[in-house]
Amino acid sequence: MDDAPGRILRWNLFIGGHLSTSVPVRLVERTPAGQLVWMETGTPMWRAGLPRGAHLRDIAPHARPTGGYPPVADRWPLGSALLHQPAGRAYSVLWLFGRRRRFRGWYVNLEHRDHRGDDIDVTDHELDIVVAPDRGWRWKDERSFAEKTGHPAYWTAAEAAAIREEGRAVTRLAEAGTFPFDGSWCDFRPPASWTTPPRPPVPRHPLL
């Protein structure tokens, strides 16, 4: 696999087995310990064509189309972020950047990842952690995580316990101020030569 910085990959987020978003990102660094990728605000992307105002995580799996929702063209609506995806771990850590690329804090996404060529397929585990610049932290989406536990489209009670323990391991890193919460990468700026990636072809697999 080409490890050249700037290589365009596809970050595909699945919720309950259905594709939610597919966003092109640029590879920043890849080592045996994992990889860093850059997601730019406003990047052309694909998202599930949901009813107006709906979010995929709030639609019960039995109420979704059997073939998945058709992808529709859009742009990444949130801020820019640097994503750390450690090898062999069930989480990623995002450095969040606001206006003028000012660092706003970290966001921990608990997840399972599969890498297929240039595709990064992410199964979202619903439970997340918000870490402030001073490394204070809080759980996010605990209620919806609990509601999904035991559903066949999501995770068992035993898997839920393992997901939460993975989150606890990350909070210990934050409390200790060790990587990725040691202040590194907080001033990251992508090279000026990195243009906004074009929208990739329509995703061929709306179901995981």
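We number each residue from 1, following the sequence as shown. Keep in mind that this is a model prediction, so the values were computed, not measured.
Side-chain atoms of Arg135 come within 3.5 Å of backbone N or O of Ala174 as a donor-acceptor pair. A donor-acceptor contact shorter than 3.5 Å links the side chain of His55 to the backbone of Arg57.
In this structure, a donor-acceptor pair under 3.5 Å is absent between the side chains of Thr123 and Glu111. Thr149 and Trp155 share a donor-acceptor pair across their side chains, judged by distance under 3.5 Å alone. Between the side chains of Glu126 and Ser144, a donor-acceptor pair is found at a separation under 3.5 Å.
Across Thr43 and Glu40, no two heavy atoms sit closer than the pair OG1-O, 2.6 Å. Residues Leu173 and Phe181 come closest through the heavy atom pair C-CD1, 3.8 Å.
Cation-pi geometry between Arg189 and Trp194 is not satisfied (NZ or CZ under 6.0 Å from the ring centre, within 45° of the ring normal).
The ring pair (Phe, Tyr, Trp, His ring centres under 6.0 Å) analysis of residues 17-39, with sequence neighbours excluded, yields the pairs Trp38-Phe97, Trp38-Phe188.
Residues Arg168 and Glu165 are paired through a salt bridge, judged by an N-O separation under 4.0 Å between the basic side chain and the carboxylate. Salt-bridge formation is not detected for the pair Asp121/Arg113: no Lys NZ or Arg NE/NH1/NH2 atom is positioned less than 4.0 Å from an Asp or Glu carboxylate oxygen. The pair Arg7-Asp118 meets the salt-bridge criterion, since a charged nitrogen lies less than 4.0 angstrom from a carboxylate oxygen.
In this structure, Ser22 OG and Arg199 CZ are separated by 10.5 Å, a value rounded to the nearest 0.5 Å. Atom-to-atom distance recorded for Ile129:CD1 and Asp141:CG is 11.5 Å, nearest 0.5 angstrom.
If you look at Tyr154 and His125, their ring centroids are not closer than 6.0 Å.
Under the 30°/60° scheme for interplanar angles, the aromatic rings of Trp11 and Trp76 are found to stand perpendicular.
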